[in-house]
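Here the structure comes first, spelled out in structure tokens, and everything after it is commentary.
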There are 2 protein chains.
Amino acid sequence: MVEAVANTRASAAYARIREAIIVGRHQPGARLHIQDLSDELQVGPSPIREALNRLVSEGLVSQHDQRGFRVASLDLKDLDDLFDARCWANEAALRASIQRGGRDWEENVVLTLHRLRRAPRLVEVDSGLRGAQWESAHDEFHNALIGACGSTWMQNFCQRTSDAAARYRAISRAALGGQRGDEDEHVAIAEAAIARDEDKAVSLLTNHLRRTRDLVFNSWQR
Amino acid sequence: MVEAVANTRASAAYARIREAIIVGRHQPGARLHIQDLSDELQVGPSPIREALNRLVSEGLVSQHDQRGFRVASLDLKDLDDLFDARCWANEAALRASIQRGGRDWEENVVLTLHRLRRAPRLVEVDSGLRGAQWESAHDEFHNALIGACGSTWMQNFCQRTSDAAARYRAISRAALGGQRGDEDEHVAIAEAAIARDEDKAVSLLTNHLRRTRDLVFNSWQR
DNA sequence: GACGCCAAAAATATCGATGTTATTAATTGA
DNA sequence: TCAATTAATAACATCGATATTTTTGGCGTC
């Protein structure tokens, strides 16, 4: 999902700040002071600013001229906005994948599903590493599902919306103290997809996304 | 589409470089030297680099660590890739708009269509301003069509794919020396949309996009 | 006690300079 | 003449310092 090593300080800073935002370590709406990040990551201001500028176009950071950067904020309206986009994009991409996908696609779906089921769930609340591992496997599985759609543009968009959704999941997880058990849903989606049952697969996937949305919605407070 | 004035040199540089890429003044694959841009825009290297970093996440510029920036390249495979994404995204967004749109949406479609028809076409090959004016009106119309879909995320994605498509159009225009007459297509799409005929509107819009793709495809050479 | 104004402090956006890495040119040996 | 190695050049990534702008805090007035 993101390169472990980077040849440039800006790229390294980009990866780390990005991760921190998605995981929720940098909270929505919080200001991102150049100096603080500079101290934290042990690099000068320039690479930090370059990293932040990349994140701006990615929608993870918002920028106001002369007033610095802050973590893009989240709210219920945006949650529904995002939910719609995810449904539409994933539906189209999944249908195309089912139509166009070959053996390699099927095998990749099976493989990533297996890895997802094997990935450790978040048992204790603060075992960050385990959570990250599961999130990564989860990501891989959903990418595999739409991996044969034939459009990198659409896949990138799905990835981006998925990143945004991960931020909401992190909040909900922090509020509820655990994750829901949705292994069955993933299995069902994979089976329908491989069986080339477009409508069923889409319906299962859409409901899967909706349940995620509802979980976040219900755990929302302030 | 993009703010005319910017309070910061980085934002100003961003807008100008972006425009230059979309219009095709910076050609696909061309290297973007910091120094050159610095001289051209009369600002130091830092704002230029920040601008380029934003464009990287936007997909208009590619970056290779330690090897600088270059204009994102275009090819026929990417054209089809992009075409699929545009069709899927616009179909979903248009359907939602037709279902959810109210009076204000209808009126905006009519208004932007009128402005598009009134906008001067590109008569002479190098009258850049006129072309830009039409491109802008064209953009506004397509945005208006999906303006009531309810998802900013999806609208932003459509905008982004539309920008990429504009780059292909610029190439094809330069090769052919003119634009095709597609006023009728826009009128038909608008009418079907306002008549709330989902399937017809979607079909017209999809064909509209396909014709654009075909035009570019046929004018491709090197 | 609240509002507005002014000064002090902090933070940003930008510059110019420098170390490092890639690219080009020159040179040597086969 | 060409390949490979090395020197020279150019470009990039990064730093540290500075000018501007925003924010904060205090002060006086209504």
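Please read all numbers here as calculations on a predicted model, not as lab measurements. The chains referred to below are lettered A, B, ... by the order of the sequence lines, with proteins before strands, and numbering in each begins at 1.
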Examine [N]: is either OP1 or OP2 under 4.0 Å from a nitrogen or oxygen in the side chain of [X]? Give yes or no.
X      : N       : value
R31(B) : dC12(D) : yes
R67(A) : dT23(D) : yes
R49(B) : dA13(D) : yes
T8(B)  : dT14(C) : yes
R9(A)  : dC15(D) : yes

Report the distance from atom [atom1] of [X] to atom [atom2] of [N], rounded to the nearest whole Å.
X      : N       : atom1 : atom2 : answer
E50(B) : dT12(C) : CD    : C1'   : 10 Å
Q66(A) : dT23(D) : CD    : P     : 10 Å
Q35(B) : dA13(D) : CD    : P     : 14 Å
I34(A) : dA17(D) : CD1   : P     : 18 Å
L32(A) : dA13(C) : CG    : P     : 12 Å
Y14(B) : dT14(C) : OH    : C1'   : 20 Å
F69(A) : dT22(D) : CZ    : P     : 15 Å
I48(A) : dG16(D) : CD1   : P     : 13 Å

- Item | Residue A10(B), side-chain atoms from C-beta onward, closest of dA11(D), dC15(D), dT14(C) |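 Side chain of A10(B) sits closest to dT14(C).
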- Query: Do we see a donor-acceptor contact under 3.5 Å between the side chains of Q155(A) and N143(A)?
  - Reply: no
- Among side-chain atoms of N53(A) and Q63(A), is any donor-acceptor pair under 3.5 angstrom?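 Judged by distance alone, the side chains do not pair up.
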- Under the 3.5 angstrom rule, does the side chain of S97(B) hit a backbone N or O of L145(B) as a donor-acceptor pair?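 Yes; at least one donor-acceptor contact below 3.5 Å.
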- Message: Under the ring-ring contact (aromatic ring centres under 6.0 Å, His included) test against F141(B), which residue among H186(B), H208(B), H114(B) passes?
- Response: H186(B)
- Task: Would you please classify the geometry between the H138(B) ring and the W134(B) ring as parallel, tilted or perpendicular, with 30° and 60° separating the classes?
- Result: parallel
